[in-house]
Undergrad: 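I'd like to ask some things about the structure below.
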2 protein chains.
Amino acid sequence: MANIREIARLAGVSVSTVSRVLNNHPYVTPDKREAVLKTIRELDYSPNINAVHLSRGKTNMVGVVLPTINHPYFSELLEGIAEEAMKHNIQLVLFQTGYHQEKEFEALEQLRGHLIDGVIFASRAIPFDSILKYKDAGPIVLCEDSDQDEFPAISIKHVAAFNLGLDYLMSKGHERIAICLGRLEGTNSQKRQKAYEEKMKMIGQNVHGDWILGKCLMIQDGKSVVDRFLQMKEKPTAFLVGNDQVAAGIITETIKQGLAVPENVAVLSFDNHPISEIMGITTIDIPTKQLGTYAFHAFIKRSDDSKYAKKVALPFKLIVRNSI
Amino acid sequence: MANIREIARLAGVSVSTVSRVLNNHPYVTPDKREAVLKTIRELDYSPNINAVHLSRGKTNMVGVVLPTINHPYFSELLEGIAEEAMKHNIQLVLFQTGYHQEKEFEALEQLRGHLIDGVIFASRAIPFDSILKYKDAGPIVLCEDSDQDEFPAISIKHVAAFNLGLDYLMSKGHERIAICLGRLEGTNSQKRQKAYEEKMKMIGQNVHGDWILGKCLMIQDGKSVVDRFLQMKEKPTAFLVGNDQVAAGIITETIKQGLAVPENVAVLSFDNHPISEIMGITTIDIPTKQLGTYAFHAFIKRSDDSKYAKKVALPFKLIVRNSI
DNA sequence: TTGTACGCGTTATCAG
DNA sequence: CTGATAACGCGTACAA
């Protein structure tokens with residue numbers, strides 16, 4: 001109800017002085033500052049954020065679009081973004097989409113309406129062209145390996161990393177390889193699946209349909225992988241697994257079933273999360289958190305000069321442990 | 001970049017006319033309207049929402065505070081709220097708290113800052129006194145059976161319903177009753193637990209610690225209930241279950257184990273969700289969706305006249321089917 | 001160090 | 001039906 005003018009009047013100062021106190025500006029004598037703070041307390045005043053945003057011309061908030069935070073990859077990515085955002089005093093507005101397109105558009109519309117200063121796409125379901133229409137609305141950052149030149153894009157070459165994994169398994173003598181992916185219908189999964197099939201064809205290895213396992217996201221999914229493994233007539237000798245969590249689940253359940261890793265089945269996964277170190281899982285390090293850091297930096301840069309558009313591909317690295 | 005003045009200039013009209021077009025006001029000649037729409041399209045203009053909010057003095061958005069939407073009770077409550085909000089053309093801003101207090105305060109702070117017009121607490125973790133401090137910030141609605149008089153409170157007498165359940169089971173000859181609750185540490189669970197213990201003491205029934213089962217939220221939790229049931233040395237003859245989903249899980253798993261419902265174990269649950277009808281589960285109808293409807297109405301009323309503060313307790317009702 | 005006055009982008013009131 | 005113009009609440013040159 002009360003506004004900055006009211007405070008100024010009661011404190012016997014001008015609105016600018018109140019504003020200065022509110023924003024911790026220097027050049028306010030201690031007694032005036034105290035007087036202002038006192039009446040602010042008395043009236044239980046707090047600024048109208050809309051007015052602040054309007055006057056400042058920005059909101060210091062950026063939207064982050066992701067399907068879910070309940071997944072090790074996205075939660076770590078988000079952590080990277082959040083850490084940087086904190087340093088720059090910028091609030092994050094989460095758009096958990098569950099891969100629903102309307103939710104992604106909601107973020108873009110809020111950008112257009114100046115409710116947020118920018119949007120970082122951790123992942124997306126809407127086509128590139130749709131995003132392109134919002135190019136002038138404000139900074140947009142993509143976390144993907146795209147070949148466009150309109151938006152900054154930070155990425156990890158997931159498919160190349162996947163191929164490295166396959167190569168390493170093969171170098172260790174494995175030819176009967178099964179793979180565990182997340183959403184099979186996702187673009188990334190599709191590409192990996194294709195890479196897998198090509199590589200298997202190269203070495204003349206017959207690919208069994210049941211060697212491509214989907215819905216492998218969390219640690220508990222590892223159990224069902226092993227269940228399915230035990231049912232297979234033709235058994236693979238190795239698993240290439242989308243993330244460490246699932247690999248940990250697989251290994252735990254395998255051992256529970258009286259089998260041994262890597263003797264009965266080898267496991268190679270991705271991420272190099274703490275759990276892989278604890279369990280001695282051979283993995284390919286993916287700097288997911290750093291991806292978030294870079295994505296946020298790209299937003300900051302893009303906020304400054306609008307011509308900025310840069311593509312960054314972060315490196316991955318094989319970490320050899322004992323699961324192969 | 002472009003603003004309403006720019007549009008007005010290019011379309012050869014005044015800003016008021018542009019505003020009228022934007023807000024679908026009548027009294028604009030078709031040709032002027034068309035001219036405005038044309039330049040809006042050409043400049044890819046969209047209004048600055050901050051300015052709109054500031055000028056209107058409200059945002060037409062209300063915050064909904066809940067621990068998670070991934071739970072049948074809350075998702076149905078939310079549905080009730082959302083349906084009404086839609087009718088009144090009001091946007092919902094979700095605060096998924098996971099019962100973290102800071103998240104709840106975030107909603108209240110946004111209310112203070114005029115970023116939202118009101119807050120509906122579907123459930124809360126912060127103490128009442130904390131909320132009281134925000135009384136003047138705007139309409140706040142509680143979905144709970146509280147004995148205060150400051151805020152409108154819509155509720156279902158969960159404990160009374162729970163007692164009804166116990167009474168009904170006892171009327172059917174059951175004395176060895178186990179209960180399945182959600183978060184055991186929650187206020188509601190605590191109250192139910194107390195009611196349960198009192199009732200059991202009344203009939204001189206010894207209460208076994210393992211007859212009070214927690215973490216029963218989703219259908220899959222029903223399986224672990226049955227697992228635990230099978231391990232019990234002293235077995236109950238009936239389950240009073242917090243929601244239909246879990247009951248469905250229990251019944252399904254019970255049958256899978258070669259036992260029969262209600263012969264080997266009776267089940268009574270809450271909610272009267274569709275699954276209970278399909279599976280013939282005796283349940284106590286809880287008008288959760290209606291709770292949401294009423295909660296939203298309370299917000300609307302409270303928006304009009306600020307003196308309004310009302311307590312509503314919605315009725316529950318036993319629905320007899322075949323699980324007892 | 002302080003205050004005045006203007007701008008931010010929109011809506012609403014009120015003459016015409 | 002249309003157009004000035006005053007709010008809305010705040011930040012900030014600029015002048016003092």
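Note on naming: letters A, B, ... go to the chains in the order of the sequence lines (proteins, then strands), and numbering restarts at 1 for each one.
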Undergrad: Taking 4.0 Å as the cut-off, does a side-chain nitrogen or oxygen of B/T29 come that near to OP1 or OP2 on D/dT2?
TA: yes
Undergrad: Got a donor-acceptor pair under 3.5 Å from the side chain of B/S55 to the base of D/dA7?
TA: no
Undergrad: Both A/Y45 and B/Y27 contact DNA chain D. Taking the nearest nucleotide for each, which residue is further toward the 5' end?
TA: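 Result of the comparison: B/Y27.
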Undergrad: Taking the basic N atoms (NZ, or NE/NH1/NH2) and the acidic carboxylate oxygens, is any pair closer than 4.0 Å for B/K38 and B/E34?
TA: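 So B/K38 does not pair with B/E34 through a salt bridge.
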Undergrad: Is the distance from OP1 or OP2 of D/dC8 to the nearest side-chain N or O of B/K58 less than 4.0 Å?
TA: no
Undergrad: Using a cut-off of less than 4.0 Å, is there contact between a side-chain N or O of B/N48 and OP1 or OP2 of C/dG9?
TA: no
Undergrad: Name the nucleic acid region contacted by B/N23, choosing base, sugar-phosphate or nothing; use a 4.0 angstrom heavy-atom cut-off, strictly under.
TA: sugar-phosphate
Undergrad: Give a yes-or-no answer on whether the side chains of B/N70 and B/T68 include a donor-acceptor pair shorter than 3.5 Å.
TA: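 No donor-acceptor contact under 3.5 Å links the two side chains.
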Undergrad: Considering only heavy atoms and no angle criterion, is a donor-acceptor pair shorter than 3.5 Å present between the side chain of A/S19 and the base of D/dG11?
TA: no
Undergrad: To the nearest Å, give me how far apart CZ (B/R20) and P (C/dC14) are.
TA: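 Rounding to the nearest Å, CZ of B/R20 and P of C/dC14 are 14 Å apart.
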Undergrad: Regarding B/T17, tell me which of base, sugar-phosphate or nothing describes its non-hydrogen contacts under 4.0 Å with the strands shown.
TA: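 Sugar-phosphate: the residue B/T17, judged by heavy atoms under 4.0 Å, touches backbone atoms but no base.
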Undergrad: What's B/V28 touching, base or sugar-phosphate or nothing? Going by heavy atoms closer than 4.0 Å.
TA: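 Sugar-phosphate only.
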Undergrad: Rounded to the Å, how far apart are A/H53 NE2 and D/dC8 C1'?
TA: 15 Å
Undergrad: Any donor and acceptor pair, going by atom type alone, linking the side chain of B/N3 with main-chain N or O of B/R5 inside 3.5 Å?
TA: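 Side chain of B/N3 to backbone of B/R5, a donor-acceptor pair under 3.5 Å: yes, one is there.
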Undergrad: Tell me the interatomic distance from A/N3, atom CG, to D/dG11, atom P, rounded to whole angstroms.
TA: 12 Å
Undergrad: Rounding to 10 degrees, work out the angle separating the end axes of the helix from C/dT1-D/dA16 to C/dG16-D/dC1 (five pairs an end).
TA: 40°
Undergrad: Starting at atom CD1 of B/I49, determine the distance to atom P of D/dG9, rounded to an integer number of angstrom.
TA: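 Distance check: B/I49 CD1 to D/dG9 P gives 20 Å.
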Undergrad: May I ask you to decide if B/R124's main-chain N or O and B/E104's side chain share a donor-acceptor pair within less than 3.5 Å?
TA: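 Answer holds: no.
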Undergrad: So, are B/K133 and A/D44 salt-bridged, with charged N and O less than 4.0 Å apart?
TA: no
Undergrad: Given C/dG9, C/dT10, C/dA12, which nucleotide is nearest the side-chain atoms of B/P47?
TA: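 The nucleotide sitting nearest to the side chain is C/dT10.
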Undergrad: Hey, which sits more toward the 5' end of DNA chain C by its nearest nucleotide, A/S14 or B/V52?
TA: A/S14
Undergrad: Measuring only between side-chain heavy atoms, which start at C-beta, is A/I90 closer than 4.5 Å to A/I300?
TA: yes
Undergrad: Have B/Y99 and B/S123 got a donor and an acceptor in their side chains that come within less than 3.5 Å?
TA: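 On atom types as modelled, these side chains qualify, holding a pair under 3.5 Å.
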Undergrad: Can you check the B/L43 CG to C/dG9 C1' distance for me, whole Å?
TA: 15 Å
Undergrad: Quickly work out the A/I4 CD1 to C/dG3 C1' distance and round it to whole Å.
TA: 13 Å
Undergrad: Among C/dG9, C/dA12, C/dT2, which is the nearest nucleotide to the side chain of A/K32?
TA: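 Within the option list, the nearest is C/dT2.
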Undergrad: Taking the minimum atom-to-atom distance to the side chain of A/V15, which one of C/dT11, D/dC10, C/dT4 wins?
TA: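 That would be C/dT4.
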Undergrad: Nearest-Å distance, CZ (B/R56) to C1' (C/dG9)?
TA: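 Atom-to-atom, B/R56 to C/dG9, this comes out as 13 Å.
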Undergrad: How about B/I116 and B/F95: do any of their side-chain heavy atoms sit closer than 4.5 Å?
TA: yes
Undergrad: Side chain of A/R5: nearest nucleotide among C/dA5, D/dC10, D/dG3?
TA: D/dC10
Undergrad: What integer distance in Å separates A/H114:NE2 from C/dG7:P?
TA: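 The answer, rounded to whole Å, is 19 Å.
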